[in-house]
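This report refers to the structure that appears directly beneath it.
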Amino acid sequence: MKKILLIFVFFQMSFAMDPSIEAALKCIEKKKMDVHAVEKINGNVYARGWFVPADDDACDYKTVSGSSVFEIKNNCVIEKKDWFKEVKKVEKKGLLGAFRNSSEDSVIVIEKNKILWSCPFEKVGSRVFRFLDKTRLMVSIEDGGNGDGDSIGVLDNKCQWTLFEKKARLPYIYSATSSSRFLDYELKHKPYIVIYDSLYNKYWGTSSSFYTYVSTHNIACGYDDDKTDSSKALIKCIKWTGNNFVEETLPHKVDVPDSEGCLCACPWTERLFPCGDGICVQNYETKKIEILVDE
């Protein structure tokens with residue numbers, strides 16, 4: 001693995017977002033939908049998230065990983081897809097899904113309703129997966145719970161395991177589009193990020209100053225503490241330029257509510273999510289969406 005020096009300069013942001021993505025964002029906002037990703041695949045626009053009834057609890061994290069896929073059509077017609085019906089805690093990337101079976105002794109990878117492959121999952125205590133592509137999963141492997149011995153392995157569609165990183169762990173909450181080449185994880189209790197080439201073979205990695213939560217093709221973003229104001233959180237992004245990583249703090253800040261009685265909106269009042277080739281943010285309460293950065 002080749003390490004790249006992290007350069008702290010501002011990268012230029014543009015806002016020439018795909019009109020169909022913009023239309024979908026307006027529709028999602030209008031319908032009061034909680035959203036975790038919006039992207040265009042094979043000419044169709046899909047959103048991952050859920051609609052919350054007025055008397056429901058929007059802060060139940062159990063529905064985050066098991067959230068539904070919706071197709072956003074013209075004139076704000078939203079069609080729910082049952083590709084992952086009754087599958088709980090499924091990790092998604094685009095139209096791909098990975099989950100453990102009911103007996104939790106194997107992992108199953110599906111695309112829409114079609115099973116692509118499955119493998120035994122013996123001696124692996126983690127439920128946390130990340131996709132590289134249709135043939136490979138990154139898996140956070142637990143060693144018994146002490147934390148320091150966790151590692152990350154690659155499981156391929158031939159059921160072969162390869163150790164990727166010792167004493168590292170994948171985060172529980174992460175959202176990426178199907179074009180994302182990023183892998184973020186914790187290494188020696190500090191944030192680390194990797195980006196792969198288009199074939200997911202060669203990769204580059206660097207330590208970063210913050211943990212990322214969302215990613216698209218070349219950009220990943222996350223939250224960080226505002227050292228000057230404890231009631232606010234900063235939004236930071238890291239971009240791959242083709243030969244190095246560039247990190248930037250965005251002008252947008254989010255509120256940090258009182259932790260007492262805090263549910264899903266904590267520790268932030270807004271959710272970052274990948275939107276097309278960019279990163280957006282949605283207010284938990286108002287459902288208002290803002291485009292922060294676009295490739």
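- Residues that satisfy the salt bridge (charged side-chain N to carboxylate O under 4.0 Å, His left out) test with Lys81, not counting sequence neighbours, are Glu71, Glu79.
- Between Phe164 and Tyr185, the ring planes are perpendicular. Angles over 60° get that label, and only those under 30° would be called parallel.
- Judged by distance alone, the side chains of Ser175 and Arg271 never bring a donor and an acceptor atom under 3.5 Å apart.
- Every residue two or more places apart in sequence or in another chain that forms a side chain to side chain contact (heavy atoms under 4.5 Å, CB included) with Asn218 is listed here: Arg181, Ile195, Trp240, Glu295.
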Please assess Leu183 against Leu170 for the test side chain to side chain contact (heavy atoms under 4.5 Å, CB included), listing each intermediate value before the final yes or no. CA-CA 9 Å; Leu183 177 71; Leu170 295 170; 3.7 Å; yes
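- Considering all non-hydrogen atoms of both residues, Val35 and Gln282 come closest at N-OE1, 3.2 Å.
- Sequence neighbours left out, the pairs with a member in residues 210-235 that pass salt bridge (Lys or Arg N to Asp or Glu O under 4.0 Å) are Asp224-Lys236, Asp226-Lys253, Lys232-Asp255.
- Two residues are said to be in side-chain contact when any heavy atoms from C-beta on lie closer than 4.5 Å; Ile141 and Trp161 meet this criterion.
- Applying the disulfide bond (SG atoms under 2.5 Å apart) definition to pairs two or more places apart or across chains, those involving residues 151-209 are Cys119-Cys159.
- With Tyr213 as the fixed residue, the ring-ring contact (aromatic ring centres under 6.0 Å, His included) test singles out one of Phe182, Tyr223, Tyr174: Tyr223.
- With no hydrogens or angles considered, a side-chain donor-acceptor pair links Lys40 and Ser20 at under 3.5 Å.
- Shown here are the ring pair (Phe, Tyr, Trp, His ring centres under 6.0 Å) partners of Phe129, two or more places apart in sequence or in another chain: Phe121.
- Residues Leu95 and Phe84 share a closest heavy-atom pair of O-CZ, 3.7 Å.
- Every residue meeting the ring pair (Phe, Tyr, Trp, His ring centres under 6.0 Å) condition with Tyr46, not counting sequence neighbours, appears here in chain and number order: Trp83.
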Please evaluate residues Ile279 and Leu272 with respect to the criterion side chain to side chain contact (heavy atoms under 4.5 Å, CB included), reporting the C-alpha separation (whole Å), side-chain torsions for both, the decisive distance (0.1 Å), and the verdict. CA-CA 7 Å; Ile279 303 294; Leu272 289 170; 4.1 Å; yes
